[in-house]
Amino acid sequence: MSTKVRVRFAPSPTGPLHIGGVRTALYNYLFAKKNGGDFILRIEDTDQNRLVPGAEQYIIESLKWIGIDPNEGVGFGDGPHAPYRQSDRKDTYRQYAEQLLQAGFAYYAFDTEADLEQMKASNANFKYDANTRELGKNSLTLSKEEVEKRLSEKEHYVIRIKLPADEDVKFYDEIRGWVIVNTSQMDDKVLLKSDGMPTYHLANVCDDYVMQISHVIRGEEWLPSAPLHVMLYRYLGWEKSMPKFAHLPLLLKPDGNGKLSKRDGDRLGFPVFPLEWTDPKTNEVSSGYKQKGYLPEAVLNMLAFLGWNPGTEQEIFSKEELTEAFSLEHIHKAGAKFDFEKAKWFNAEYIKKLADEELADLVKDNVTAKFGNQDAGYLVRAVSLVKERLVFLNDIELFGYLFQATEKYGETPLSKIVNIKASSFNPGAFETFLKEYTSTDTAALETTLKDFANSNEIKAGDLMKFLRVSLVGELSGPAIPDLIVLLGVEETGRRVTNCFSQL
Ligand code: GLU
């Protein structure tokens, strides 16, 4: 094991990156940064049948969006161990398979699919292992000459690891402690196929070794593979440099009942992917956090807490604070339930923390598309009035009255909502009165409005209610003086006159 911390995120590009995968990448990133180490992106694409076009690019863009750029890796620049895509490293694996063959830790197997089916047919629990391999057509059962003949005739084969019948494989997991699995529970996994393509196991172990990976931090679903990997390190003579293992808890459905899946997101209305994804085969679109109006910083913070906590009450952490606080010791063993309400809470908190200018910048395109061009300064002032009410960036669409006058005042007749009578209220007089108000002092404006109400024998509350309906279109929204100062007296006057005419 190298003394420098070097970790990798090693996804297979078989579809869009699930947020569970993003969390794995994030924990690797935080661990690397915390320890002054390197974070590598390696694309594990040896199973060419399962490749999905666009998935690799999606992985790269997702990491970029959330702000956890690897130091080395596909899409992030070459480092000393390039290339970082396994299909581009194909020629490096065979030598290790041959090393295992020569040392007697692996063997050729020529069994066809039909042969394997037959072995399975006679034994429901069949697995290719120390007890059954004598039934197969492999270099342990066939003569040396026969094996050479088959190889020279280019017969299809695989190279399998040769595991002992009954031996405990023991390794320490940084999260789970000691793990012991007996080889009787394992099978002689395929390491390399005759086309030279390694399987996940061989490629993964060889690359971790060659790339001097110090810690393998990955999802719990890979825990069952770890004993095999330990055996590979041992058989390849690399046990002393074997990385430390840390298997992360599963990300569970909100009710804790099983692994969080794409279907849960569709069913419960939240994204399970960082970015929107269009399935290249079916054209089905799956929603993404980005397009739903989440801030990457909020998603990052939320994900960090799905399976880890700092041991304090603090919940809002910047990436730098997370890096500082992160440790493998504080990762939980139990699965982490996805909490959609919490995700929303994080997002709303991060929106509140934005400077008005930043928020305006983030919603500008959406506002322009929905409500037309806005003056830059106006947009900044407008968003400042509703910042506290946004859960998602896209919620700005709910505040159209900031950008255009409303013509609709809801289903209820206006006269039932507002108590303003033509005998006491003259919109022209109100407009003239407003125009004299040139200050932006909202507290003073409130007093002025009350004075207007008093001198016209209107209850201040009724006037405010009427103004609110005129300006917003309904009985909600920011404080009236704030709105008037934002919209300006001209626009306020126009809206008031218009609303009055519909009473
Ligand atoms: N290629 C595996 C995956 O798709 C990586 C497992 C590992 O990190 O070792 O998740």
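Whatever order the structure lists them in is the order used to number ligands and atoms, beginning at 1.
- The cationic group of K137 does not satisfy the cation-pi geometry with Y108, failing either the under 6.0 Å distance to the six-membered ring centre or the 45° limit from the ring axis.
- The aromatic rings of F403 and F371 lie parallel to each other, with less than 30° between the two planes, well short of the 60° mark.
- Contacts of Y200 with ligand 1, taken as heavy-atom pairs under 4.0 Å, involve the side chain alone.
- Closest to atom 5 (C) of ligand 1 by heavy atom, among A10, G219, P11, is A10.
- The nearest protein atom to atom 3 (C) of ligand 1, hydrogens excluded, is given as W222 CZ2, 3.3 Å; this is a heavy-atom distance.
- In this structure, atom 8 (O) of ligand 1 lies nearest to the protein heavy atom R8 NH1, 2.8 Å.
- The aromatic rings of Y209 and W238 lie parallel to each other, their planes meeting at an angle below 30°, with 60° marking the opposite boundary.
- Close approach to E44 involves these atoms of ligand 1, each under 4.0 Å from a residue heavy atom: 1 (N), 2 (C), 5 (C).
- Ligand 1 has at least one atom lying under 4.0 Å from a heavy atom of N204.
- Using bins of under 30°, 30° to 60° and over 60° for the plane-to-plane angle, the ring pair F346/F305 lands in the tilted bin.
- Ring geometry for F171 against F245 counts as perpendicular: the plane angle is over 60°, on a 0 to 90° scale with 30° as the lower cut.
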